[in-house]
There are 2 protein chains.
Amino acid sequence: MSRGSEPSYAMIARSLREQILRGEFGDGRQLPTEADLATQFEVSRQTIRRAFQDLVSEGLVYRVPGRGTFAQSNSDGYVRQVGSVDDLMGLADDTLMKVTAPIARKVDLISASRLRLSSDVVYELSFIRVHEDVTFCTTTVYLPTSVGKLVAEVPEFAEKGNVSTLTIIGQIDLKLSRPIAQAQQSITAVGADTDVAAELGCSVGHPVLRVDRLYLDTDGECVELAISHFLPEHYSYRISLLRNG
Amino acid sequence: MSRGSEPSYAMIARSLREQILRGEFGDGRQLPTEADLATQFEVSRQTIRRAFQDLVSEGLVYRVPGRGTFAQSNSDGYVRQVGSVDDLMGLADDTLMKVTAPIARKVDLISASRLRLSSDVVYELSFIRVHEDVTFCTTTVYLPTSVGKLVAEVPEFAEKGNVSTLTIIGQIDLKLSRPIAQAQQSITAVGADTDVAAELGCSVGHPVLRVDRLYLDTDGECVELAISHFLPEHYSYRISLLRNG
DNA sequence: CGTTATTTGTGCGTATGTATT
DNA sequence: AAATACATACGCACAAATAAC
């Protein structure tokens, strides 16, 4: 029935997800019942259940037999499940990036050494990430010369103010001879400095989440170092860990 | 039908999960088809699909229309090594924990609902973690009643000031009938409140890393909620992500 | 205290669509 | 082109938990 591509249950899940993240069920009020939603969306109860299964596994809602369905998100910000390199590359699906400093060749000993380069020349690029008109993240990316030249060919990254839904690492993965195989992350909390505060619209010293990511190809060569600052009011970093037998 | 308590699909998912974690589908060989499993377990194809939905959302298998179902092998090839629950349980190897509030029964609606309890009674326990004479972490742990009673039997957690190298989750794993299988983490940055600042020896408002962990057993039951605050000067959270296929 | 209505959970059957082999 | 295998969607019946009466 209907639809060019997206299944009904996925569309319904997306609709509910957006409402939940907007905080429309924030004060502990419960979501509509399966029967209500089935009537509203004109689908069967089973299709509603399928949509809820995704939301449950994403940790966005919990359900109690006999009582109803309740939103989980206390922090009414932007929440993301990250568990693999592919997840990181898909980060831009529902966010916009806006270039604040176009890609350019720089000399920076610190980032060069973190990229394990023998020279001190890197390519540097800064942008912010926006979700529903809220800037929740600033990122500065450092690239080795060989990779930087490839990225500089992408017009989206060449000029200040450009807007795109791409990810740098996704573009690199397309253009590189060896694929991205690994990412090393380090997460910590810092007070916003003047630059970060200005871009995120918070006060100087405000606690922000700092995430450093180093991407490696299959040979273990560093291809990107990304340093991001997230506004915790609008972003929390979620991971699911499984036990390895 | 049948069975005292566990639904068929959950039993089937558990059975497949164990086989996968034992590596029985490790060499890229595919799992049996829905039809085969339906015959083998004497249930409908829908029930098999329900079991697979859980395994997919756990990231244990991936499915390709027209081809089949495949294990996300963690034995050979590209490992999906997100970090693991065992990593978390080994945290105490080189650190000491010191009880600041012994385990006690409390009424707390918020943590009870996050543990998905129908009652509002939880067991609560607070401690700090010390490494080389530096306090770098405070943690408050919330447990369902059944688990709390087990943990209360451990003398190390029963009195303020007690020092130990144990982890709560390690003790729970020993005493519980079903093992810990999964943990969901949420990481964000906050300013230290007066309690946290006093325990960590930093100023109020100082940026600290807040990590919420929800531990689940093999049935998906919540067994522990731990809320920790880390001093970023002495701790950063590192993860290695590998690419899957 | 039991009864009843509501709401979610489990399980099956069926039909049809789509991707792969 | 045909067979295989997963995906979507609807329908039904009954079970179990909860809440209101």
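So that the names make sense, note that chain A is the first sequence line, chain B the second, and so on, each numbered from 1.
The two residues A/Leu31 and A/Phe70 make their nearest non-hydrogen contact at CD1-C, 4.0 Å.
Remark: A/Lys175 pairs with A/Leu150, A/Glu153, A/Val154, A/Gln171 by the side chain to side chain contact (heavy atoms under 4.5 Å, CB included) rule, at least two apart or across chains. Here A/Ala10 pairs with A/Glu6, A/Pro7 under the side chain to side chain contact (heavy atoms under 4.5 Å, CB included) rule; sequence neighbours left out. Residues satisfying the side chain to side chain contact (heavy atoms under 4.5 Å, CB included) test with B/Thr140, not counting sequence neighbours, are B/Glu124, B/Ser126, B/Tyr142.
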Requested in this report: Summarise how protein sits on nucleotides 2-8 of chain C as a single string, 5' to 3': B when a protein heavy atom is under 4.0 Å from the base, S for sugar-phosphate-only contact, - for no contact.
Outcome: -----BB
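Atom-to-atom, CD of A/Gln53 to P of D/dA9 comes out at 13 Å; the value is rounded to the nearest Å. Nucleotide C/dT10 holds its C1' atom 17 Å from the CZ atom of B/Phe41, rounded to whole Å. In this entry the distance linking CZ of A/Arg50 with P of C/dT10 reads 15 Å, nearest Å. Nucleotide D/dA5 holds its C1' atom 14 Å from the CD1 atom of B/Ile48, rounded to whole Å. Atom-to-atom, CG of A/Leu37 to C1' of D/dA9 comes out at 17 Å; the value is rounded to the nearest Å. Put simply, CE on A/Met11 is 17 Å from C1' on D/dA7, counting in whole angstrom units.
Pairing for D/dA16 is with C/dT7, a Watson-Crick or G-U wobble pair whose two hydrogen-bonding atom distances lie under 3.5 Å.
Among residues at least two apart or in separate chains, there is no salt bridge (Lys or Arg N to Asp or Glu O under 4.0 Å) pair with a member in residues 179-188 of chain B. The salt bridge (Lys or Arg N to Asp or Glu O under 4.0 Å) contacts involving residues 43-52 of chain A comprise A/Glu34-A/Arg45, A/Glu34-A/Arg49, A/Arg50-A/Asp54, where partners must be two or more places apart or lie in separate chains.
Judged by distance alone, with hydrogens and angles left aside, B/Gln46 brings a side-chain donor or acceptor within reach of the base of C/dT14, the pair sitting under 3.5 Å.
Residue B/Ser44 places none of its side-chain N or O atoms closer than 4.0 Å to OP1 or OP2 of C/dG11. Checking the phosphate oxygens (OP1, OP2) of D/dA9, no side-chain nitrogen or oxygen of A/Thr47 falls inside 4.0 Å.
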